[in-house]
Amino acid sequence: MNVSWRSHLTVRTLYLLFLGQVVSFALALSSFTFSLIADLGVDAPLTQMLFVYLGLALVYGSIMLCRRRRLLVPWYWYLILGCVDVQGNYLVNKAYQYSSITSVTLLDCWTIAWVIVLTWIFLGTRYSLWQLFGAALSVLGLGLVMLSDAGAGGGGGSKPLLGDVIVIAGTVFFAVSNVAEEFCVKKKDRVEVLAMLGLFGALVSVIEIGESAESIQWSTDGILAFVGFTASCFMFYSLVPFVLKMSGATMFNLSALTSDMWAVVVRIFLYRQEVDWLYYLAFSVVIIGVVIYSVIEKDPDGAPAVDEGNPTCYRVLSDESAVDLDEPSHL
């Protein structure tokens, strides 16, 4: 029985790791295409994300219309989620105008620290000291990136330190979005989450775009870069709920750390730029922290999930809590 349980856990873990790497590849691809757009002189991050949100709204909104079901979460919560997600994307994507692709993708992982704090406070997730040490070690490794950018010729970009600060600010919004999305996909329906995120994300983007879209000078290279960015982001957003449902926001962000490796590979072989030695040291420290966290990790499911098709209210769940004594009362 114990052997069977270990075998099941191993298969599930391997599947989760594979799925996490697919998400990581999509993230690295979106970072690469966004940097291409920035190299073309286009400074319109809201316009770029607008196409992504529209794609999510059209595809998953159509599925919702076919289902003909009422919303399981009030619309105004999705409006808040859309606002937070738009601001996070705007700040992080804006940073590409000032810093290098490697710095942005590495510092973007500050999201892990904020996610741990938010899940601890609002979702009741408890972490061991070793898990916290592993995550802290990963964040410490990311601090080496800022030291590299502060040095002469480190990291590239017109204003690398400004770009680093913008990225870190954006990770706060990303963390709130990740934790809120984790709660929704575990308790409700991921199709509804993606459809509403796309709808309200598009509405918020349209409101905030202003005249930036009119200043874009379209070209063949620009259109191809936009298409690549939209496709990679759509794949990223579509796969994220699966990882969040199986593990959680913390492990999702830790799995996404490998996208930094792809960023370095892209920079070396395609951008033909030199990489400061501190980047290699930073990545090594980050990987050590991830390994520590992964080895000590407990149940990856975290909070018990509610069937997606069951629109049961939380009042009913609380009435059943006396039967299921293992279910945490705060969820």
Side-chain angles (χ1 to χ4, degrees), residues 26-57 77-115 118 157-181 193-194 196-216 222 225-237 240 249 253 256 259 263:
L27 179 60
L29 187 60
S30 64
S31 299
F32 170 66
T33 53
F34 196 97
S35 64
L36 289 179
I37 296 175
D39 290 341
L40 293 174
V42 178
D43 183 13
L46 289 175
T47 303
Q48 294 164 230
M49 286 304 304
L50 173 61
F51 293 108
V52 179
Y53 290 128
L54 287 176
L56 293 173
W77 289 115
Y78 286 126
L79 174 60
I80 297 175
L81 177 61
C83 291
V84 171
D85 196 74
V86 168
Q87 301 309 317
N89 280 306
Y90 173 78
L91 290 174
V92 173
N93 291 336
K94 185 71 174 179
Y96 284 100
Q97 303 293 331
Y98 305 105
S99 192
S100 67
I101 177 177
T102 311
S103 296
V104 172
T105 50
L106 280 172
L107 290 173
D108 185 37
C109 298
W110 266 92
T111 308
I112 297 172
W114 312 133
V115 162
L118 292 176
S158 59
K159 299 178 181 179
L161 286 180
L162 175 61
D164 292 346
V165 173
I166 293 177
V167 173
I168 294 176
T171 58
V172 178
F173 289 95
F174 271 156
V176 175
S177 177
N178 289 164
V179 173
E181 192 173 348
V193 173
L194 289 173
M196 293 297 100
L197 177 61
L199 175 62
F200 289 108
L203 291 177
V204 174
S205 298
V206 169
I207 295 174
E208 296 186 3
I209 279 178
E211 300 179 354
S212 61
E214 300 178 0
S215 61
I216 300 178
F226 263 83
V227 172
F229 177 78
T230 303
S232 58
C233 282
F234 182 87
M235 180 171 64
F236 173 76
Y237 273 92
V240 164
N253 283 281
S259 65

Neighbour count >12 (heavy atoms, 6.0 Å) for atom OH, Tyr90: no
Closest contact, heavy atoms only, Val204 versus Cys83: CG2-SG, 3.6 Å
If you measure from CG on Leu161 to CD1 on Ile166, what distance do you get to the nearest 0.5 Å? 11.5 Å
To the closest 0.5 Å, what do you measure between CD (Glu181) and CG (Leu194)? 6.5 Å
Worked verdict on Phe200 versus Leu81 for side chain to side chain contact (heavy atoms under 4.5 Å, CB included): CA-CA 8 Å; Phe200 289 108; Leu81 177 61; over 6 Å; no
Which atom of Glu208 lies closest to which atom of Leu46, heavy atoms considered: O-CD1, 3.4 Å
Out of Leu54, Thr47, Val52, Val86, which residue meets the side-chain contact (heavy atoms from CB on, under 4.5 Å) rule with Ser205? Val86
When rounded to the nearest 0.5 angstrom, what distance separates CG in Asp85 from CD1 in Ile80? 13.5 Å
With rounding to the nearest 0.5 Å, note down the distance linking CG in Leu29 to CZ in Phe229. 10.5 Å
For the residue pair Trp114 and Ala175, what are the closest heavy atoms and their distance? CB-CB, 3.3 Å
Locate the shortest heavy-atom distance separating Val84 from Ser177; write the atom from each residue and the value. CG1-N, 3.9 Å
Measure the CG-CD1 distance between Leu91 and Ile168 for me, rounded to the nearest 0.5 Å. 12.0 Å
Ser232 versus Thr33, closest heavy-atom pair with distance: OG-OG1, 3.9 Å
Of all heavy-atom pairs linking Gly198 and Leu56, the shortest is CA-CB, 3.9 Å
Does the side chain to side chain contact (heavy atoms under 4.5 Å, CB included) test come out yes or no for Tyr237 and Leu197, once each step is laid out? CA-CA 10 Å; Tyr237 273 92; Leu197 177 61; 3.7 Å; yes
Going through the checks in order, is the side chain to side chain contact (heavy atoms under 4.5 Å, CB included) test met by Asn89 and Tyr53? CA-CA 11 Å; Asn89 280 306; Tyr53 290 128; 3.0 Å; yes
Walk me through whether Asp164 and Tyr98 qualify under side chain to side chain contact (heavy atoms under 4.5 Å, CB included). CA-CA 8 Å; Asp164 292 346; Tyr98 305 105; over 6 Å; no
Spacing of CZ belonging to Phe34 relative to SG belonging to Cys233, to within rounding of 0.5 Å: 9.0 Å
